[in-house]
Amino acid sequence: MAADELITAVIVDDHAAIAAGVGSWCARAVPPIDLIDAGDRLANVWTGPGAAADVVIFDLELVPGLPNFGELRRLVDSGRRVIVYSQHTEDAIAIKCVDIGALAYLTKREGPEHLVPAIQAAAQGEPYTTPSLSGAFIADTAADRPRLSQREVEVLRAWFVSSSKELVAAKLNIAVKTVDTYIARVRVKYANVGRAARTKSELVGRALDDGLITLAELNQTETSL
């Protein structure tokens, strides 16, 4: 979407005060962000106005003590652009959410100075790293190979051997916007392990290094449907 287009976001949170506060911040954004309040009903993210929202602001724990990673994965796998907005401050939870495919992870201590830019970035399919998330990555001692989901690898491989994202979308029966979202998530995962890949050629190089694709496969580029 163009940078000056109206952004719509849907928030699913079981605290009305949180949704009201986020709504106020969105109304004061430049340009204003249209916020849809789904309450604590996940169904409202999939049906009605929330189904078409550019960004999903997701409370990870609608049921106390039960972080809903499964629903986060469902949203991500369907191509939704998700920001996790949670009371959890543990580094491991933040990293897990990004590994699943969230474009940003914010704690509820982080206010509009981070949530609004995160929404704006997510609407463009771009990641946003908050101070808490940056600290989580610094503390992470995992290997420098990012943990990509099966669907992310599938989209990435299809993009590498196709001449356009439109071909990828047609082949995988998804929208071009969804292709962009998957590629953006892969880029942020590589950046988060210190192996930034800002161009397609850089990303191909990373994938070759990690064994995600072979040179033989790359030589079989598709140019038409």
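Values below: every heavy atom of this structure, side chains too, minus hydrogens, waters and symmetry copies. For this chain, numbers begin at 1 and follow the sequence in order. Everything quoted here is computed from the prediction, not taken from an experiment.
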Within 45 degrees of the ring normal and closer than 6.0 Å to the centroid, is that where the cationic atom of K96 sits relative to F69?
yes
Closest non-hydrogen atom pair, P112 against P117
O-CD, 3.4 Å
Connected-component partners of L66 among ILVMFWY, side-chain separation under 4.5 Å
V63
Single hit among L35, D13, I18, V12 for side chain to side chain contact (heavy atoms under 4.5 Å, CB included) with I57:
L35
Charged N to carboxylate O below 4.0 Å: is that the case for R147 and D99?
yes
Can you tell me how far the SG atom of C97 sits from the CZ atom of R73, to the nearest 0.5 Å?
10.0 Å
Note: A175 and A169 closest approach over all heavy atoms is C-CB, 3.9 Å
What pair of heavy atoms forms the shortest contact from L212 to R157, and how long is it?
O-NH1, 2.6 Å
Quick check: is V55 connected to Y85 through a chain of hydrophobic side chains (ILVMFWY, heavy atoms under 4.5 Å apart)?
yes
Taking F58 as the starting point, is it possible to reach L103 by hopping between hydrophobic residues whose side chains are less than 4.5 Å apart?
no
Spatial distance of atom CD1 (I11) from atom CD1 (I119) [nearest 0.5 Å]
8.0 Å
Which residues share a side-chain hydrogen bond (donor to acceptor under 3.5 Å, both in side chains) with T47, sequence neighbours left out:
none
How would you list, by chain and number, every residue that makes a side-chain contact (heavy atoms from CB on, under 4.5 Å) with E110, sequence neighbours excluded?
L106, T107, H114, T130, P131, S132
Would you indicate whether the side-chain heavy atoms of R151 and L172 approach each other to under 4.5 Å?
yes
Counting only N and O atoms by type, is there a donor-acceptor contact under 3.5 Å from the side chain of N44 to the main-chain atoms of A38?
yes
Between E126 and R187, does any side-chain N to carboxylate O distance fall below 4.0 Å?
no
Indicate yes or no for a side-chain donor-acceptor contact from S162 to the backbone of W159 under 3.5 Å, with no hydrogens or angles considered.
no
Partner set under side-chain contact (heavy atoms from CB on, under 4.5 Å) for T199, not counting sequence neighbours:
S201, E202
Output for pair (I100 CD1, R185 CZ), nearest 0.5 Å, gives 10.5 Å
N68 versus E61: any side-chain heavy-atom pair under 4.5 Å?
no
N/O donor to acceptor pairs below 3.5 angstrom from side-chain atoms of residues 19-34, sequence neighbours left out:
unit_1	atom_1	unit_2	atom_2	d
S24	OG	R28	NH1	2.7

From E154 atom CD to S149 atom OG, the distance as rounded to the nearest 0.5 Å
9.5 Å
Is there side-chain contact between D37 and V10, with heavy atoms separated by less than 4.5 Å?
no
The criterion is salt bridge (charged side-chain N to carboxylate O under 4.0 Å, His left out); which residues satisfy it with R109, sequence neighbours excluded?
none
A cation-pi test, strictly: NZ or CZ of R74 under 6.0 Å from the centre of the six-membered ring of W46 and no more than 45 degrees from its axis. Yes or no?
yes
Between L42 and L62, is a side chain to side chain contact (heavy atoms under 4.5 Å, CB included) present by the stated rule, with each step listed?
CA-CA 9 Å; L42 286 166; L62 295 173; 3.8 Å; yes
With a 4.5 Å cut-off on side-chain heavy-atom distances among I, L, V, M, F, W and Y, is there a chain of contacts connecting V155 to Y190?
yes
Would V56 and I93 show up in the same hydrophobic cluster when neighbours are defined by side-chain heavy atoms closer than 4.5 Å?
yes
Is there a path of hydrophobic side-chain contacts, each under 4.5 Å between heavy atoms of I/L/V/M/F/W/Y residues, joining L218 to L203?
yes
For A53 and T8 the tightest heavy-atom approach is CA-OG1, 3.3 Å
Candidate pair L60 and E71, rule side chain to side chain contact (heavy atoms under 4.5 Å, CB included), full reasoning:
CA-CA 9 Å; L60 187 65; E71 186 63 24; over 6 Å; no
When rounded to the nearest 0.5 angstrom, what is the spacing between CG in D77 and OG1 in T178?
11.5 Å
If only atom types and distance count, is the side chain of E152 paired as donor or acceptor with the main-chain N or O of L156 below 3.5 Å?
no
Regarding R81 and D54, does a basic nitrogen lie under 4.0 Å from an acidic carboxylate oxygen?
no
V188 versus P127, closest heavy-atom pair with distance
CG2-CB, 3.1 Å
In terms of heavy-atom contacts, does CG of D209 have more than 12 from other residues, nucleotides or ligands at under 6.0 Å?
yes
Given the rule in the side chain to side chain contact (heavy atoms under 4.5 Å, CB included) test, do Y105 and H88 qualify, once you have shown the distances and angles that lead to the verdict?
CA-CA 10 Å; Y105 184 96; H88 286 284; 3.3 Å; yes
To the closest 0.5 Å, what do you measure between OH (Y182) and CD1 (I174)?
6.5 Å
